[in-house]
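Shown next, in structure tokens, is the structure this report addresses.
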Amino acid sequence: MKASNLLLKTLRDIPSDAENISHRLLLRAGYVQQVAAGIFSLLPIGNRSISKIRKIVREEMNLSGCAEVNMPVIQPKELWEESGRAETFFPPLANFKDRRERTLVIAPTHEETATSMIRSFVSSYRDLPITIYQIQTKFRDETRPRGGLLRVREFEMKDAYSFDVDEKGLDKSFEIMVKTYKNIFARCGLDVVIVDADSGGIGGKESKEFVLIADSGDDTILISPDESYAANLEKAEFIKTDYSEDKILDKELIETKHINTIEKLSDFCKIPKNKIAKSVIYNSDGEIIIATIRADYDVNETKLRNILGSKELRIASSQEVINAGFIPGYASPINKSNVKSVIDNSIELGSNYIAGANKEHFHLKNVNYPRDFKSEIIGDIAEAKEGFQSPNNSGELISKKGIEVGHVFKLGCIYSEVMRADFTDKNGDTKPILMGCYGIGIGRLLAAAIEANHDDNGINLPPSISPFTVNLIGINLDEEKVKNKCNIIYDLLLNNGVDVLFDDRDLPPGVKFKDSDLAGFPVRIIISKKNFEKNTIEIKSRNDSNSDYISETKLVDYINNLINI
RNA sequence: CGGGGCGUGGCGCAGCGGUAGCGCACCCGCUUUGGGAGCGGGGGGUCGCAGGUUCAAAUCCUGCCGCCCCGACCA
């Protein structure tokens, strides 16, 4: 390919809209053009990079025995009413009406479509297991698109759906996908961490995220020093410290005038936070609930939401707190049996707490569980933090920022039951099919790769997903000799299957060098008068400040070696 | 959806009541050719949209729209 055919235009000035590194570089290097918030066009070189990612994904998916399909982006709303997600999906499904006033939705994901496809064609255990996948456009009207390609509204996703007869089969399909994902990310040159994750709105019981560690990521993960444990913050567990004392003392009322925060209470009573029972009041789907946790920990709202089974959970407003009969700063579940109470199990690992007295300016001392208060729900609702003990006892957790590039879920029967995707087993019994679903954001993968692979000069992608692996630059193409040599080398490389760009633009060398580094071509070949004297070809790797000079006959081998083909 | 910021040639910005400017990019000519070239000439903007105030609005007022950032939310 020649640069003159590529719409290759780079920007010197950083577009003011872009904050994020990958976003800036994608714009500056001419990979993408923004069309609207969270909606992008791919320019020629960006599209080449994306095509390479798609190709890797396809090859690995096919290799693992998945069948590629293509499901429509535009779908009847009825399909979504069947699963019940027409009303519950967030952000709300984008939709429009056709000429017959029928509502069509723009698919944000394809569990329903995949389930519908499979239930029509699978009726026996003999048809299973099967995994289908597609690389397809989705649309989610995100409340806040951000970071260029990192979080967009219209996006391309590789989504796969597995169908099995039993848990064992599902586990196997799931493991195959995990392995396939590892291969995909490795071939894209990305070092990803696999973490336990919350399954969120998709549903299901087990889920893992593939996270690329990067400071710009909006995912927080906790990982043990030897990486034997890794989980998303939403899911992360830890070993809670035991501070309980042998002697259980008698409860007493103490005056704590204007002492209405944990900090003040700790100072005022001269006690560590682990001697305080902290209560936080939430609104869970309209119901006021009180969550109590030892004050050296904080509530993890995802865990709380899961334990309650609530759809919408938020901190109660101060008015709601008062209406429920609590006094802000002095609340606790003590003598409050009318309000649903959730207790973190850290409370059991302590005793003689100070807790709110549900009376202004007063706290209770030597409060003990379950002597002084009870709860219908007790479990883990604590947020893990850096320095806490890893749940598998492998040291202190470390907190890192990352970008979620893939996510796999064991869905079980949640879709197959409501949508009646059944099969007949060996005994002739009708059973729901067990499902798994598996996603990789294609565009996000490119953005993440740039976040992880760039320097002051620009993008520095691995050869496997760079728009071109080799950039051929002729210095002063007005000179016949240079021009001819360039054409000879260009043909040589093309004929040997090298993915080469010939920068045939009539521009000074400095501009071509800068563009080459900015766009992130891994290997550069330079043809110039200077090199004719030595009768060598100059070749330079993006990651090396020095050039090598080699003979023309060795060029192809040398390049292939350089990019590890 | 809450908070903040910004909309002026393709990009980055200045101008903030009185003839719309600068840098980069673009076009033409000459020179130049190893890290975003030099000189000369040139083209391009209903100043986001709609109202209003004024003799006069890019500039002041009102409303709307768009985009970015933080938060909420989120495969």
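Just so we're on the same page: letters track the sequence lines, and every chain starts at 1.
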*Going 5' to 3' through nucleotides 68-73 of chain B, assign each nucleotide B (protein heavy atom under 4.0 Å from a base atom), S (under 4.0 Å only from sugar-phosphate atoms) or - (no protein heavy atom that close).*
SBBBBB

Counting Watson-Crick and G-U wobble pairs only, both distances under 3.5 Å, name the nucleotide matched with [N], or none.
N     : answer
B:A25 : none
B:A72 : none
B:A37 : B:U31

_Nearest heavy atoms of A:T302 and A:N300, plus distance in Å_ = N-OD1, 2.9 Å

*Is a salt bridge present between A:K485 and A:E479, judged by a nitrogen-to-oxygen distance below 4.0 Å?*
no

*Would A:K235 and A:D198 pass as an ion pair if we require N to O under 4.0 Å?*
no

*Between atom OG of A:S64 and atom CD1 of A:I184, what is the distance when rounded to the nearest 0.5 Å?*
7.5 Å

For [X], answer base if it contacts any base atom (sugar-phosphate contacts may also be present), sugar-phosphate if it contacts only those atoms, and nothing otherwise; contact means non-hydrogen atoms under 4.0 Å.
X      : answer
A:N531 : base
A:R28  : base
A:P15  : sugar-phosphate
A:K540 : base
A:L477 : nothing
A:D159 : nothing

*Spacing of A:E479 atom CD relative to B:G34 atom P, expressed in whole Å*: 10 Å

*Starting from P on B:G9, measure out to CG on A:D13 and report it in whole angstrom.*
14 Å

_For A:N70, is the CG atom crowded, meaning more than 12 foreign heavy atoms sit under 6.0 Å from it?_
yes

_Quick one, A:V32 and A:L27 - any side-chain contact, counting heavy atoms below 4.5 Å?_
yes

*Within 45° cone and under 6.0 Å: A:R48 NZ/CZ vs A:F468 ring*: yes

*Taking only N and O in the side chain of A:K9, is any of them less than 4.0 Å away from OP1 or OP2 of B:C26?*
yes

Record whether the side chain of [X] comes under 3.5 Å of the base of [N] through a donor-acceptor pair of N or O atoms.
X      : N     : answer
A:D517 : B:G35 : yes
A:E538 : B:G34 : yes
A:N457 : B:G35 : no

